Amino acid sequence: QVQLVESGGGLVQAGGSLRLSCAVSGLAFSSYNMGWCRQAPGKEREFVAIFTWTGGRTNYADSVKGRFTISRDNAKNTVNLQMSSLKPEDTAVYYCAAGLAYGSTCNGANYWGQGTQVTVSS
């Protein structure tokens with residue numbers, strides 16, 4: 001059974017930082033593109049970041065470039081999202097995804113986590 005379990009969300013003031021983690025089990029983690037998408041209330045799910053399984057390429061949404069960093073540990077089957085200089089508009093439920101197509105899309109994911117809430121107060 002495939003499981004993606006996010007952790008690390010919470011409430012933070014604007015300008016602060018949070019680190020999200022996603023623990024993955026039940027799949028060949030090192031063979032999957034891993035990434036993060038988010039969904040704010042009343043909005044569609046949007047791409048945040050991706051880390052490819054081959055070549056170690058990363059890509060970020062323009063709205064988070066320079067503030068967020070995605071990393072992965074194939075030995076521990078985890079993918080992380082370090083978020084800095086947070087803004088109120090970063091408030092959303094953040095989802096970990098396995099199998100994202102490379103680019104700036106939430107499409108193509110084979111598996112999703114349950115999501116973790118990030119709230120940034122002004």
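Positions are given from 1 along the sequence. Model, not experiment: these values are computed from the prediction.
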| Test side chain to side chain contact (heavy atoms under 4.5 Å, CB included) applied to Ser17 and Met83, step by step | CA-CA 5 Å; Ser17 299; Met83 306 185 294; over 6 Å; no

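- By the 6.0 Å and 45° rule, Arg45 stacks over the aromatic ring of Trp112.
- Heavy atoms only, all atoms of each residue included: Val48 and Tyr94 are closest at CG2-CE2, 4.3 Å.
- Under a 4.0 Å N-O distance rule, the pair Asp62/Lys65 qualifies as a salt bridge.
- Panel note: side chain Asn33, backbone Leu100; a donor-acceptor pair is recorded below 3.5 Å.
- To the nearest 0.5 Å, atom OG of residue Ser25 and atom CD of residue Gln1 are 8.0 Å apart.
- Heavy atoms only, all atoms of each residue included: Leu27 and Tyr32 are closest at CD1-CD1, 3.8 Å.
- For Arg67 and Tyr60, the positive end is not near the middle of the six-membered ring at less than 6.0 Å and at most 45° from its axis.
- Residues Leu4 and Cys22 approach most closely at CB-SG, 3.9 Å, considering heavy atoms.
- Of the N and O atoms on the side chains of Asp73 and Thr78, not one donor lies less than 3.5 Å from an acceptor on the other residue.
- Nearest approach of Ala92 to Arg38, heavy atoms of both residues: CB-CB, 3.8 Å.
- Following chains of ILVMFWY side-chain contacts shorter than 4.5 Å, one can reach Leu20 starting from Val64, so the two form part of one hydrophobic cluster.
- Taking OG1 of Thr58 as the reference point, atom CD1 of Ile70 lies at 8.0 Å (rounded to 0.5 Å).
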| task | May I have the step-by-step check of side chain to side chain contact (heavy atoms under 4.5 Å, CB included) for Arg57 and Tyr102, ending in yes or no? | result | CA-CA 9 Å; Arg57 292 179 295 171; Tyr102 182 75; 3.8 Å; yes

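- To the nearest 0.5 Å, the span separating CG on Leu81 from CZ on Arg72 amounts to 14.0 Å.
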| message | Run Glu6 and Ser21 through side chain to side chain contact (heavy atoms under 4.5 Å, CB included) and show every step you take. | response | CA-CA 6 Å; Glu6 301 99 335; Ser21 293; over 6 Å; no

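- Atom CG of Asn77 is separated from atom CE of Met34 by 9.0 Å, given to the nearest 0.5 angstrom.
- Remark: the Asn59 side chain and the Ser104 side chain contain an N/O donor-acceptor pair separated by less than 3.5 Å.
- Pairs passing the disulfide bond (SG atoms under 2.5 Å apart) check and including a residue from residues 35-95, sequence neighbours excluded, read Cys37-Cys106.
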| query | Passes side chain to side chain contact (heavy atoms under 4.5 Å, CB included), Arg19 versus Asn80? Steps please. | reply | CA-CA 7 Å; Arg19 182 179 175 86; Asn80 303 303; 3.2 Å; yes

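- Atom CG of Leu18 and atom CG of Leu11 lie 8.5 Å apart (nearest 0.5 Å).
- In the hydrophobic clustering of ILVMFWY residues, with side-chain heavy atoms under 4.5 Å counting as a link, Phe68 and Trp36 come out together.
- Phe29 and Tyr111 fall within a single hydrophobic cluster, where Ile, Leu, Val, Met, Phe, Trp and Tyr are joined by side-chain heavy atoms under 4.5 Å apart, directly or via other members.
- For the pair Val2 and Gly26, the tightest heavy-atom approach, listed with the atom from each and the gap, is CG2-O, 3.4 Å.
- Contact detail for Thr91 and Val120: the closest heavy-atom pair is OG1-N, 2.9 Å.
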